[in-house]
Amino acid sequence: MIRFAAAFFSLLVMCSLAVAQDRPPLAALLDGLATRDDLKPLKTVIVARSGSVLAERGYRGTRPMDTTNIKSASKSIVSALVGIAIDKGLLEGPDQKIAPILKPDLPASPDPRLEDITIGNLLSMQAGLGRMSGPNYGRWVSSRNWVRSALAQPFDDEPGGQMLYSTASTHLLSAILTKVSGKSTLALAREWLGPIKGFRIDAWDRDPQGIYLGGNQMAMSARSLLAFGEIYRNGGKTADGRQVVPAQWVALSWQPRTNSRFSGDIYGYGWFQRQIAGETVHFAWGYGGQMLYIVPALDLTVVMTSEESGPSARTGYRDALHLLLGDIIDTVRASPRLGE
């Protein structure tokens with residue numbers, strides 16, 4: 001009897017070890033995130049390769065299909081809408097001056113440099129106008145007219161100069177899209193990005209004039225954000241080959257144009273870029289740690305959503321997310337058949 005019990009126990013141990021060894025490495029990695037102190041704000045992670053989801057997890061009661069505020073990650077979506085508007089002939093291109101479009105909202109005695117700001121300057125955060133993010137954000141969104149308030153800010157640099165990250169810049173793009181199309185930015189997003197399977201904007205804040213807030217306060221699920229990212233990974237095409245975002249616009253958006261003075265990261269048209277785990281990574285980043293990563297060389301798209309409780313940059317949490325992406329990249333590289 002004792003021999004039988006010992007043999008049975010040995011068999012159980014061997015089976016447990018076999019199961020552990022057969023456990024997919026990416027699944028094991030994501031499972032282990034729930035207990036990490038440095039990732040307590042983490043809500044969801046989705047990893048996809050070549051259009052197929054390899055693994056997804058929700059933490060602390062959150063599911064990948066639950067709606068969340070993607071914050072400034074929505075700036076990349078606004079950039080996509082601008083690219084589509086250019087392709088449709090509603091806008092001339094990145095070099096088009098914004099003053100004629102927004103003429104009714106210009107100050108009574110405008111700074112002459114307002115005439116020099118282009119669509120591209122707004123996209124790359126090089127408008128030169130005083131920043132309406134960070135400590136200035138609350139004052140800006142408390143104003144009666146956000147567009148006029150943004151255009152009335154004093155210049156901190158020349159148009160085309162250093163990167164001055166400002167949600168007001170992408171809000172001006174939302175106002176421009178509304179004016180040239182005669183439709184709300186939300187209506188344009190639903191019409192132009194509607195062919196993307198799984199993409200949906202559930203809610204979006206508006207300013208006092210009814211213009212949707214370009215670059216913040218957009219609610220969607222992690223799966224919806226993944227669906228949007230997949231379009232950029234696939235050169236602007238849906239899985240069935242429909243060109244939704246012009247391929248040229250994807251390339252232009254990822255072209256380095258300036259650098260963040262806070263992180264040193266490259267910035268293009270609504271997208272950051274840095275090297276992570278030896279790979280070039282393009283990413284959208286929202287307050288609190290709302291991340292959309294694209295690693296073209298590995299056909300990899302990764303979404304991470306987080307609590308909105310604090311600034312992810314100053315706390316080091318954003319860096320922890322970058323390190324997590326590095327672990328994901330290493331895991332995928334070590335298992336080349338993942339997603340094939």
Side-chain angles (χ1 to χ4, degrees), residues 23-49 52-77 198-203 216-230 233 262-263 265 271-277 279 281-295 298 300-335 338-339:
R23 192 181 190 194
L26 189 58
L29 173 63
L30 298 194
D31 286 344
L33 304 181
T35 57
R36 283 179 48 173
D37 289 339
D38 60 335
L39 296 176
K40 282 184 177 179
L42 190 63
K43 292 166 65 176
T44 64
V45 178
I46 309 178
V47 181
R49 191 175 194 190
S52 298
V53 173
L54 301 181
E56 63 176 4
R57 294 289 186 277
Y59 305 96
R60 287 163 280 279
T62 304
R63 303 170 302 168
M65 69 284 292
D66 292 342
T67 297
T68 191
N69 188 342
I70 67 169
K71 293 293 191 174
S72 287
S74 59
K75 289 179 171 64
S76 302
I77 295 173
F199 176 82
R200 188 180 72 185
I201 297 173
D202 296 312
N216 201 5
Q217 301 301 97
M218 180 186 288
M220 66 171 58
S221 69
R223 286 181 180 173
S224 176
L225 188 55
L226 178 79
F228 173 75
E230 275 293 291
R233 181 199 63 79
F262 301 110
S263 66
D265 291 336
W271 290 86
F272 289 95
Q273 177 184 313
R274 68 157 47 198
Q275 293 289 311
I276 298 178
E279 300 289 351
V281 178
H282 306 281
F283 65 98
W285 166 35
Y287 182 89
Q290 323 310 321
M291 315 299 295
L292 168 59
Y293 295 105
I294 299 175
V295 189
L298 296 176
L300 200 63
T301 307
V302 178
V303 169
M304 303 177 191
T305 63
S306 309
E307 298 290 344
E308 306 159 29
S309 54
S312 59
R314 291 201 298 269
T315 62
Y317 176 64
R318 179 200 58 195
D319 296 332
L321 297 180
H322 289 340
L323 289 172
L324 172 56
L325 177 67
D327 291 340
I328 291 170
I329 289 172
D330 288 340
T331 302
V332 170
R333 280 196 302 229
S335 305
L338 279 176

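Hydrogens, waters and symmetry mates are skipped; everything else that's a heavy atom, side chains included, is used.
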- [ ] Can you establish whether the number of heavy atoms outside Arg200 located under 6.0 Å from its atom CZ is more than 12?
- [x] no
Open item on the list: Show the nearest heavy-atom pair for residues Glu230 and Thr301, with the distance to one decimal.
Closed with: OE2-OG1, 2.6 Å
Open item on the list: Keeping Tyr59 on the side-chain end and Val45 on the backbone end, is there a donor-acceptor pair under 3.5 Å?
Closed with: no
Open item on the list: Checking the side chain of Ser74 only, and the main-chain atoms of Lys71 only, is there a donor and an acceptor separated by less than 3.5 Å?
Closed with: yes
- [ ] Mark yes or no for whether Thr44, through its side chain, and Arg63, through its backbone, hold a donor-acceptor pair below 3.5 Å.
- [x] no
- [ ] Using atom types as modelled and distance alone, determine if a side-chain donor or acceptor of Ser221 lies under 3.5 Å from a backbone N or O of Ser224.
- [x] yes
- [ ] Could I get the full list of salt bridge (charged side-chain N to carboxylate O under 4.0 Å, His left out) partners for Glu308, not counting sequence neighbours?
- [x] none
Open item on the list: Minimum heavy-atom separation for Arg318 and Ser263, please, with both atom names.
Closed with: NH1-CB, 3.9 Å
Open item on the list: Exactly one of Leu300, Asp330, Ile329 should register a side chain to side chain contact (heavy atoms under 4.5 Å, CB included) with Glu279. Which one does?
Closed with: Ile329
- [ ] Please examine the side chains of Leu42 and Leu321, heavy atoms only from C-beta on, and report whether any two atoms are closer than 4.5 Å.
- [x] yes
- [ ] Give a yes or no on whether the backbone of Ser306 and the side-chain of Gln290 come within a donor-acceptor separation of less than 3.5 Å.
- [x] yes
Open item on the list: On a heavy-atom basis, which atom in Ser72 and which in Asn216 lie closest, and how many Å separate them?
Closed with: N-OD1, 4.2 Å
Task: Residues forming a side-chain contact (heavy atoms from CB on, under 4.5 Å) with Thr67, sequence neighbours excluded - done: Asp202, Ala219
Open item on the list: Donor-acceptor pair, distance only, cut-off 3.5 Å: does the side chain of Thr62 make one with the backbone of Gly58?
Closed with: no
Open item on the list: Any heavy-atom pair between the side chains of Ile70 and Leu292 that's under 4.5 Å?
Closed with: no
Open item on the list: List the residues meeting salt bridge (charged side-chain N to carboxylate O under 4.0 Å, His left out) with Arg223, not counting sequence neighbours, and say none if there are none.
Closed with: Glu56
Task: salt bridge (charged side-chain N to carboxylate O under 4.0 Å, His left out) partners of Arg60, counting only residues at least two apart - done: none
Task: Qualifying residues under salt bridge (charged side-chain N to carboxylate O under 4.0 Å, His left out), relative to Asp319, sequence neighbours excluded - done: none
TODO: Taking ring-ring contact (aromatic ring centres under 6.0 Å, His included) as the test, write out the residues that go with Phe272, two or more places apart.
DONE: Tyr267, Phe283, Trp285
